[in-house]
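Worksheet: the structure to be examined is printed underneath.
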There are 2 protein chains.
Amino acid sequence: MDVPIAKNRDVKPEEYAELRRALTLISGKWKLEILWLLYHRPHRFGELLRTINGVTQHMLTRQLRELEADGLVTRTVFAEVPPRVEYGMTDATIALEPAIWALMEWSREFGTPARIAAEAKAARD
Amino acid sequence: MDVPIAKNRDVKPEEYAELRRALTLISGKWKLEILWLLYHRPHRFGELLRTINGVTQHMLTRQLRELEADGLVTRTVFAEVPPRVEYGMTDATIALEPAIWALMEWSREFGTPARIAAEAKAARD
DNA sequence: CTGAATCCTTTTAGATACTG
DNA sequence: CAGTATCTAAAAGGATTCAG
């Protein structure tokens with residue numbers, strides 16, 4: 001909090017695109033839940049489906065495919081009957097933790113609509 | 001990096017929604033550019049329009065309105081002719097800096113598609 | 001058990017013209 | 001100068017059905 005970003009460096013135009021891309025990678029509706037569960041341990045598809053409240057089979061598959069394509073989860077297929085698929089972390093996933101943590105801290109402080117509205121009002125006065 | 005989030009605490013279901021909301025707040029296509037410029041100093045509408053490459057008047061207005069509604073920018077109208085409107089930071093904006101910084105760090109390390117793909121491949125092997 | 005295919009709704013972004 | 005009003009396009013999310 002004592003380290004204003006803007007005072008430290010400028011941002012090149014291309015970096016905005018990269019930063020936006022980073023946001024896109026984790027902005028899927030279920031991706032944070034998925035990643036969080038995987039931070040604890042590898043999970044099977046059915047485990048994720050049962051654990052994540054409200055997600056459909058279709059959406060879970062799609063979010064996992066996107067995460068996999070972006071290198072944020074690993075997908076391991078075991079040649080068994082019945083089939084077993086396990087999802088796990090990558091180095092990129094692990095490196096993402098501090099950013100998620102920082103966002104969660106901020107969300108707890110300022111993420112509440114009422115609180116944010118109050119802050120804005122106070123700033124206007 | 002030495003502090004795995006998952007090892008420290010669990011996340012309540014409601015917190016996922018809050019975290020997703022935080023992401024939504026900053027996920028607009030032009031919001032990061034806007035916030036970054038405002039971190040340096042207050043800007044007028046026309047200044048933002050000229051400085052941010054590729055944004056249209058319409059989109060800039062909409063993104064600013066959303067940021068304002070979310071308490072991430074202040075909007076000050078000066079009763080002058082011609083009209084002058086200035087946008088600035090709020091406490092919530094300032095508190096957001098560390099999270100943006102963390103995301104940008106991660107993006108520089110893992111945000112490149114090629115790099116991410118390589119990481120994923122290495123993890124699979 | 002894991003997931004692909006199809007169709008549909010909602011959200012977000014953008015282009016264009018007009019205004020106090 | 002700083003917007004608003006329409007309209008259109010693209011992306012994201014979701015329900016349902018079928019399959020190795």
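When reading the values below, keep in mind they use all heavy atoms of this one structure, side chains included, and skip hydrogens, waters and symmetry mates. Every chain is numbered from 1 and lettered A, B, ... according to where its sequence line falls, protein lines coming before strand lines. Just so you know, these numbers come straight off a predicted model, no measurement behind them.
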ask   = Looking only at atom types and distance, does a side-chain atom of B:Trp30 sit under 3.5 Å from a main-chain N or O of B:Leu64, one as donor and one as acceptor?
value = no
query = Which is the 5'-most and which the 3'-most nucleotide of DNA chain D that has an atom under 4.0 Å from a heavy atom of chain A?
reply = D:dG13 to D:dG20
message = Regarding B:Arg44, tell me which of base, sugar-phosphate or nothing describes its non-hydrogen contacts under 4.0 Å with the strands shown.
response = sugar-phosphate
inquiry  = Working to the nearest 0.5 angstrom, can you tell me the gap between B:Leu103 CG and B:Arg108 CZ?
reply    = 11.5 Å
key: Carboxylate-amine/guanidinium proximity below 4.0 Å for B:Glu18 and B:Arg21   = no
key: Toward the 5' end of DNA chain D, by each residue's nearest nucleotide, B:Arg84 or A:Gly28   = B:Arg84
request  = Establish, with yes or no, whether the OP1 or OP2 oxygen of C:dA13 is under 4.0 angstrom from a side-chain nitrogen or oxygen of B:Trp30.
outcome  = no
inquiry  = Does A:Gln63 reach a base, just sugar-phosphate, or nothing at all? Heavy atoms under 4.0 Å.
reply    = sugar-phosphate
ask   = When the distance from NZ of B:Lys31 to C1' of C:dT12 is rounded to whole Å, what number comes out?
value = 10 Å
inquiry  = If the test is side chain to side chain donor-acceptor pair (under 3.5 Å), which one of A:Arg75, A:His43, A:Glu68 qualifies with A:Tyr87?
reply    = A:Arg75
task = Check the distance between C:dC1's C1' and A:Glu80's CD and give it to me in whole angstrom.
result = 11 Å
Rounded distance (Å) that lies between atom P of C:dG3 and atom CD of A:Glu86 = 12 Å
inquiry  = Expected output is a numbered-order residue list: members of residues 52-61 of chain B with a heavy atom under 4.0 Å from any atom of DNA chain D. What is it?
reply    = B:Gln57, B:His58, B:Thr61
Main-chain N/O of B:Leu72 paired with B:Thr93 side-chain donor or acceptor, under 3.5 Å = yes
ask   = With a non-hydrogen cut-off below 4.0 angstrom, is A:Phe78 in contact with a base, only sugar-phosphate, or nothing?
value = nothing
task = If a pair satisfies side-chain hydrogen bond (donor to acceptor under 3.5 Å, both in side chains) and one of its residues is in residues 44-53 of chain A, list it, with sequence neighbours excluded.
result = A:Arg41-A:Glu47
query = So what does A:Arg65 hit on the nucleic acid, given a heavy-atom distance under 4.0 Å: a base, only sugar-phosphate, or nothing?
reply = sugar-phosphate
Side-chain donor/acceptor of A:Trp106 to backbone N/O of B:Ala92, under 3.5 Å = yes
query = Does any N or O in the side chain of B:Thr90 come within less than 3.5 Å of the main-chain N or O of B:Val73, such that one atom is a donor and the other an acceptor?
reply = no
ask   = Under 3.5 Å, is there a donor-acceptor pair between the side chain of A:Ser107 and the main chain of B:Ala22?
value = no
message = Is there a side-chain contact between B:Lys29 and the phosphate of C:dG14, meaning an N or O under 4.0 Å from OP1 or OP2?
response = yes
